[in-house]
Novice: 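I have a structure I would like to understand better, so I am pasting it below and will then ask my questions one at a time.
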Amino acid sequence: MLLTQLRPAIVSFILLTALTGILYPLVVTGIAQTVFKPQAEGSLIVLPNGKIAGSSLIGQNFDDPKYFWGRISATSPAYNASSSSGSNLGPLNPALIDEVKGRISALKTADPNNNDPIPVDLVTSSGSGLDPHISQAAANYQLERVARARGLSTEAVQQIINQNTQGRFLGFLGEPVINVLQVNLALDEHKK
């Protein structure tokens with residue numbers, strides 16, 4: 001009696017394991033590699049020399065005044081995709097307040113003559129702690145500092161920002177954003 005019940009259970013277990021644990025992942029991976037190859041490989045940004053600069057989906061740490069700075073990373077070390085998470089710090093948490101004050105101080109030190117309001121995305125982290133984008137307001141806040149550090153006109157830097165601005169999702173959802181890595185690479189490629 002036990003063998004008559006045990007045999008179908010074992011066969012079902014082996015069959016479902018092969019189907020859902022081997023066959024299905026292979027089919028999905030094959031489709032992804034065929035139809036969505038860049039995304040399946042991590043949305044990597046490859047330089048003309050073949051070197052990988054990073055992923056368009058994960059922020060990078062920039063602190064040189066000649067570069068646009070992204071959002072604060074909530075991971076340790078910074079922008080570590082294997083430890084993605086939000087900070088879970090509430091608005092009254094002293095650690096969050098200290099983090100924001102530190103970022104404001106860094107922004108003011110990098111551009112002491114800028115008296116514009118600092119956009120919130122420059123002093124807070126995103127939900128994942130890895131966001132590669134900043135708002136147009138955040139890019140515009142940094143525009144003069146970057147132009148001055150590179151010896152470029154603000155018009156030239158604004159044009160690079162405009163060329164690297166991604167519109168609203170489906171044309172109406174969200175806000176236009178700038179990928180920090182892509183705009184910084186475009187700045188490095190720009191000839192005076």
Side-chain angles (χ1 to χ4, degrees), residues 28 31-32 35-47 52-64 66-93 95-97 99-104 106-107 110-111 114 116-147 154-190:
V28 170
I31 291 170
V35 181
F36 305 107
K37 189 168 180 69
Q39 293 87 345
E41 293 181 350
S43 299
L44 299 177
I45 298 174
V46 181
L47 300 175
I52 296 172
S55 171
S56 64
L57 303 176
I58 298 174
Q60 291 191 13
N61 194 29
F62 291 98
D63 56 7
D64 189 318
K66 71 180 185 175
Y67 290 111
F68 284 95
W69 299 354
R71 296 190 76 163
I72 297 173
S73 174
T75 64
S76 181
Y79 300 105
N80 180 0
S82 65
S83 64
S84 171
S85 68
S87 67
N88 293 327
L89 300 176
L92 300 178
N93 188 313
L96 177 63
I97 294 168
E99 186 177 274
V100 169
K101 285 181 181 177
R103 186 57 179 250
I104 289 171
L107 288 164
D111 195 3
N114 190 343
D116 293 339
I118 299 174
V120 71
D121 55 327
L122 287 179
V123 296
T124 58
S125 62
S126 65
S128 68
L130 302 171
D131 194 353
H133 300 102
I134 56 174
S135 65
Q136 288 179 315
N140 290 334
Y141 177 84
Q142 301 177 77
L143 186 141
E144 288 187 26
R145 181 198 77 223
V146 172
T154 55
E155 293 79 18
V157 176
Q158 183 65 61
Q159 184 178 8
I160 293 171
I161 291 171
N162 294 343
Q163 291 169 348
N164 288 278
T165 298
Q166 299 169 6
R168 298 170 189 264
F169 181 67
L170 299 176
F172 67 95
L173 295 174
E175 295 296 322
V177 293
I178 293 97
N179 185 292
V180 176
L181 176 58
Q182 289 174 337
V183 77
N184 285 336
L185 289 172
L187 282 166
D188 285 346
E189 290 175 11
H190 180 76

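Only this structure's heavy atoms are used, side chains among them; waters, hydrogens and symmetry mates stay out. The shown structure was predicted, so the numbers you read here are calculated from the model rather than taken from an experiment.
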Novice: Does Ile178 offer a backbone N or O that forms a donor-acceptor pair with the side chain of Asn164 under 3.5 Å?
Specialist: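 No; zero donor-acceptor contacts below 3.5 Å.
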Novice: Under the side chain to side chain contact (heavy atoms under 4.5 Å, CB included) test, which residues partner Asn162, sequence neighbours left out?
Specialist: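 Applying side chain to side chain contact (heavy atoms under 4.5 Å, CB included) to Asn162 gives Gln158.
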Novice: Would you find a donor on one side and an acceptor on the other, under 3.5 Å apart, between the side chain of Trp69 and the backbone of Asp64?
Specialist: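 Such a contact is found between Trp69 side chain and Asp64 backbone.
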Novice: Does Asn179 use its side chain to pair, donor to acceptor, with the backbone of Ser56 at less than 3.5 Å?
Specialist: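 Yes; at least one donor-acceptor contact below 3.5 Å.
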Novice: So Val146 and Lys66, do their side chains get closer than 4.5 Å, heavy atoms only?
Specialist: no
Novice: With the side chain counted from C-beta on, respond yes when Val177 and Thr165 share a heavy-atom pair under 4.5 Å apart, and no when they do not.
Specialist: no
Novice: Which pairs with one or both residues in residues 127-143 pass salt bridge (Lys or Arg N to Asp or Glu O under 4.0 Å), sequence neighbours excluded?
Specialist: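 Found Arg71-Asp131.
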Novice: Not counting sequence neighbours, which residues clear side chain to side chain donor-acceptor pair (under 3.5 Å) with Ser55? List them please.
Specialist: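 With sequence neighbours excluded, Ser55 shows a side chain to side chain donor-acceptor pair (under 3.5 Å) to no residue whatsoever.
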Novice: Report yes if the side chains of Leu122 and Gln142 come closer than 4.5 Å at any heavy-atom pair, otherwise no.
Specialist: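 A side-chain contact under 4.5 Å exists here.
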Novice: CG of Leu181 to CZ of Phe68: how many Å apart, nearest 0.5 Å?
Specialist: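 It is 13.5 Å, given to the nearest 0.5 Å.
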Novice: Could you tell me which residues satisfy side chain to side chain contact (heavy atoms under 4.5 Å, CB included) with Ala40, sequence neighbours excluded, listed by chain and number?
Specialist: Ala32, Gln33
Novice: Sequence neighbours left out, what passes ring pair (Phe, Tyr, Trp, His ring centres under 6.0 Å) with Tyr67? Give chain and number order.
Specialist: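 Once residues adjacent in sequence are excluded, the partners of Tyr67 under the ring pair (Phe, Tyr, Trp, His ring centres under 6.0 Å) criterion are Phe62.
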Novice: Kindly compute the distance separating CD (Glu189) from CG (Asn184), expressed to the nearest 0.5 Å.
Specialist: 11.5 Å
Novice: Please identify each residue that fulfils side chain to side chain contact (heavy atoms under 4.5 Å, CB included) with Asp111, with sequence neighbours left out.
Specialist: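 In terms of side chain to side chain contact (heavy atoms under 4.5 Å, CB included), with neighbours along the sequence ignored, Asp111 is linked to Asn114, Arg145, Arg148.
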Novice: Under the side chain to side chain donor-acceptor pair (under 3.5 Å) test, which residues partner Glu175, sequence neighbours left out?
Specialist: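 Partners of Glu175 under the side chain to side chain donor-acceptor pair (under 3.5 Å) test: Arg168.
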Novice: Supply the atom-to-atom distance Leu130 CG to Leu57 CG, rounded to the nearest 0.5 angstrom.
Specialist: 10.0 Å
Novice: Measure the shortest side-chain to side-chain distance between Ile72 and Thr124 over non-hydrogen atoms and say whether it is less than 4.5 angstrom.
Specialist: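 No; the side chains remain at least 4.5 Å from each other.
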Novice: With sequence neighbours left out, what residues match Asp121 under salt bridge (charged side-chain N to carboxylate O under 4.0 Å, His left out)?
Specialist: none
Novice: Starting from the C-alpha separation in whole Å, work towards a yes-or-no answer on side chain to side chain contact (heavy atoms under 4.5 Å, CB included) for His190 and Ile160.
Specialist: CA-CA 9 Å; His190 180 76; Ile160 293 171; 3.8 Å; yes
Novice: Going by the rule side chain to side chain donor-acceptor pair (under 3.5 Å), which residues pair with Gln163 if we only count those two or more places apart in sequence or in a different chain?
Specialist: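 Side chain to side chain donor-acceptor pair (under 3.5 Å) check on Gln163 returns nothing, list empty.
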Novice: Please round to the nearest 0.5 Å and tell me the distance separating atom CD of Gln39 and atom CG of Leu44.
Specialist: 11.0 Å
Novice: If you compare all heavy atoms of Tyr141 against all heavy atoms of Pro117, which two are closest, and at what distance to 0.1 Å?
Specialist: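 In this case the closest contact between Tyr141 and Pro117 is CD1-O, 3.6 Å.
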Novice: So Ile45 and Ile52, side chain to side chain contact (heavy atoms under 4.5 Å, CB included) or not? Walk me through it.
Specialist: CA-CA 6 Å; Ile45 298 174; Ile52 296 172; over 6 Å; no
Novice: Suppose we screen for side chain to side chain contact (heavy atoms under 4.5 Å, CB included). Which residues come up paired with Val123, at least two apart in sequence or across chains?
Specialist: Val100, Arg103, Ile104, Leu107, Ile118
Novice: With sequence neighbours excluded, what pairs up with Glu144 under the salt bridge (charged side-chain N to carboxylate O under 4.0 Å, His left out) test?
Specialist: none
Novice: Heavy atoms only: give me the nearest Ile134-Gly70 pair and the separation to one decimal.
Specialist: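 Closest pair (atom of Ile134, atom of Gly70, distance): CG2-CA, 3.7 Å.
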Novice: Between atom CD1 of Ile58 and atom OG of Ser73, what is the distance when rounded to the nearest 0.5 Å?
Specialist: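 It is 10.0 Å, given to the nearest 0.5 Å.
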